[in-house]
Amino acid sequence: MALSRTVQAPLDWRVAVAPRRPPLAALIPGIDALSLIGGVSLMAQLDGLGLTYAVLTFLVLMCTGSHRARINPLVGDDIPTLLGRLAVPVLVIAPFIGSYVDLAHFVRMSPVVIGFVLFGRTISYKLVREARAVGLVNEPTLIVGAGTLGVKAATTLQDHPEFGLVPIGFLDSFDDSGLPLPILGEVGELESVVRTYDVSRVIVAFGAAREPQMVPIIRACDRLPVEVHVMPRFFELGVAKEGSFTDDLWGIPLVRLRRSALRTVAWRTKRVFDLIFGSVLLVMSAPIFAAAAAAVRLSSPGPIFFRQRRTGQRGEVFEMLKFRTLQVNDDADTTWNVANDERRTKVGRLMRRLSIDELPQLLNVLRGEMSLVGPRPERPYFVDQFRVAVPGYDDRHRVPAGMTGWAQVHGLRGDTSIKDRAVFDNHYVENWSLWKDLVILARTVGTVVNLGVAESSWSHAARAEEGLRVELGSAGHAQLPSEAKPEERAELLVEPVPPDVVS
């Protein structure tokens, strides 16, 4: 069974679904490539330096997602963003040019090539709009909410075929009398309607459903090959900032939800990063790894590694590895440990303070069961309780568990608010980027170098502030009343305990 999980785990990273590639998806990248080659050729720079610049610029444009045609692509709106991205290769390459003559020619070439790219974008955007207008690009679009904004979005799309979105109906809880399109179901049926009607785009215009009800429903689209756009509340007041993720639907701003952490290409990038960086860390930490293993063996009877079942991506259970820091016990799967557990060995206390006990999880990372960065995995016993009592807790399982995470670098470890952890973990999922992973890793190193002082002080402050109450047993670890139902036990971990509950 363990071998099967190990073999299958790497495939799990490819389960994330990318949005469908619309027709003519290669048009903008293709014209970008021609523009780069044309600009470099015009400046007689078709040598190693010129080609390196062209290739690097093309990769920057592709990796930043600027090759995707927006609903209403306009060069004027994209110039600030494009100029910033086109400047990156210039800044990267210029310091490595040794000859002053070559540097001067390169500096003269860059504005010409940038001008070619902007001119190429003008042509490609024009072609995209024309192709959409004649029906070459038709993306079935579902509108969530049949209120005033939803109806306005539907009629706007019908009147402007150059946007390439074909509205097929609404989701809402009332009938479709007087509406320009039919009601295809209620909001809670979003996932099934998307699959049934082969929807490519979802526009959330709100309606009868309230925002707290919408969040889990929209997150269900993470598993579907669709793009999701949201009409921001009070957009008339300018709350929707213009940018690469905001489209203009004939005066109505649409904010595209960033879900790069759940896209296939992003997953592969993250997985490659984990394999490379995880392997390097394992090699560099080999002496510490060996010393820690010897210290655990000599400190107390028992195995070197502590193996425990944890819940990872999509609720799948895997066996997480740690260096053993406690004396051997049989209640680890159902006991909520606190900072001052008297069963902790002297070696274990030091290893936890320096986070050395987490090093074996690098093996989990290399096997594909975990990532370097992600929500920390919890034991199935507590997951079953938290998913009942904590809103959004189960949504954090959309991505693989991590050795460290956004919640951990904000001090949410040990006896801290489970609700806050869910909020931070879901924020990480919604806003993932490779740069964010690097920031989290750097902040984790800073915490470890600080010898856990910041962790300890934050833990006690957060515990007092949030009122996390559990009944402490004589051994110094949290215990829940065995007669309580699962949802009641979960509430004990996330809400203040009434005086009559604690014996």
Side-chain angles (χ1 to χ4, degrees), residues 13 15-19 60 62-66 68 70 81 84-85 202 204 211-212 214-233 235 239-247 253-274 277 312-314 370-377 390-413 416-444 446-447:
W13 293 79
V15 174
V17 180
V60 169
M62 291 292 291
C63 292
T64 55
S66 64
R68 289 193 294 263
R70 299 206 279 181
T81 302
R85 290 168 178 171
V202 173
V204 181
E211 284 89 336
M214 292 296 301
V215 171
I217 295 171
I218 295 175
R219 281 177 177 168
C221 288
D222 290 345
R223 299 184 294 273
L224 303 173
V226 297
E227 291 284 7
V228 180
H229 303 265
V230 177
M231 287 187 182
R233 298 287 198 185
F235 68 84
V239 297
K241 295 182 179 180
E242 295 182 357
S244 58
F245 289 95
T246 303
D247 280 291
L254 292 182
V255 179
R256 179 168 60 87
L257 295 188
R258 294 183 69 253
R259 294 181 296 139
S260 58
L262 300 161
R263 299 308 193 191
T264 305
V265 175
W267 269 149
R268 290 172 180 166
T269 304
K270 183 176 173 69
R271 181 58 181 153
V272 169
F273 174 79
D274 280 343
F277 203 62
Q313 187 181 18
R314 296 183 305 280
M370 293 179 64
S371 174
L372 288 172
V373 181
R376 284 294 294 166
V390 181
Y393 183 83
D394 215 24
D395 291 337
R396 64 199 288 277
H397 295 128
R398 289 175 290 166
V399 299
M403 291 183 63
T404 185
W406 192 235
Q408 281 62 46
V409 297
H410 282 83
L412 295 171
R413 306 174 63 179
T416 54
S417 171
I418 305 301
K419 289 182 178 179
D420 282 355
R421 292 193 213 180
V423 170
F424 275 80
D425 287 336
N426 283 314
H427 177 274
Y428 167 80
V429 176
E430 306 291 355
N431 298 277
W432 175 84
S433 67
L434 196 58
W435 174 253
K436 196 177 190 73
D437 277 2
L438 292 172
V439 170
I440 292 173
L441 289 172
R443 291 184 61 172
T444 301
T447 301

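In what follows, residues are counted from 1 in the order of the sequence shown.
- A heavy-atom distance below 4.5 Å is found between the side chains of T416 and R421.
- Annotation for T246 and R70: closest pair O-NH1, 2.8 Å, computed over non-hydrogen atoms.
- When side chains are defined from C-beta on, E227 does not count as touching V202, because their heavy atoms never get closer than 4.5 Å.
- With rounding to the nearest 0.5 angstrom, the CD atom of Q313 is 12.5 Å from the CE atom of M370.
- Taking the side chain as every heavy atom from C-beta outward, L372 and D437 never approach each other to under 4.5 Å.
- Y393 and A422 make their closest contact through CA-CB, 4.1 Å (heavy atoms, listed as atom of the first residue, atom of the second, distance).
- Taking 4.5 Å as the limit, some side-chain heavy atom of R443 sits within range of a side-chain heavy atom of H410.
- In this structure, M231 CE and L254 CG are separated by 5.5 Å, a value rounded to the nearest 0.5 Å.
- Using cut-offs of 30° and 60° on the angle between ring planes, the pair F273 and F277 is parallel.
- Under the 4.5 Å side-chain criterion, counting only non-hydrogen atoms from C-beta, V373 is not in contact with W432.
- Listed by chain and number, the residues in a side chain to side chain donor-acceptor pair (under 3.5 Å) with D395 are R219 (sequence neighbours excluded).
- The minimum heavy-atom distance linking P400 with P375 is given by the pair O-CD, 3.7 Å.
- How far CG of D425 is from CD of Q408: 6.5 Å, rounded to the nearest 0.5 Å.
- Of all heavy-atom pairs spanning P253 and P232, the tightest one is O-CD, 3.4 Å.
- Atom CH2 in W406 sits 9.0 Å away from atom CG in N431 (nearest 0.5 Å).
- Rounded to the nearest 0.5 Å, atoms CZ (R314) and CG (D394) are 12.5 Å apart.
- D274 approaches S371 most closely through the heavy-atom pair OD2-OG, 2.6 Å.
- A distance of 4.0 Å separates CZ of R398 from CD of E430, quoted to the nearest 0.5 Å.
- V409 approaches I440 most closely through the heavy-atom pair CG1-O, 3.6 Å.
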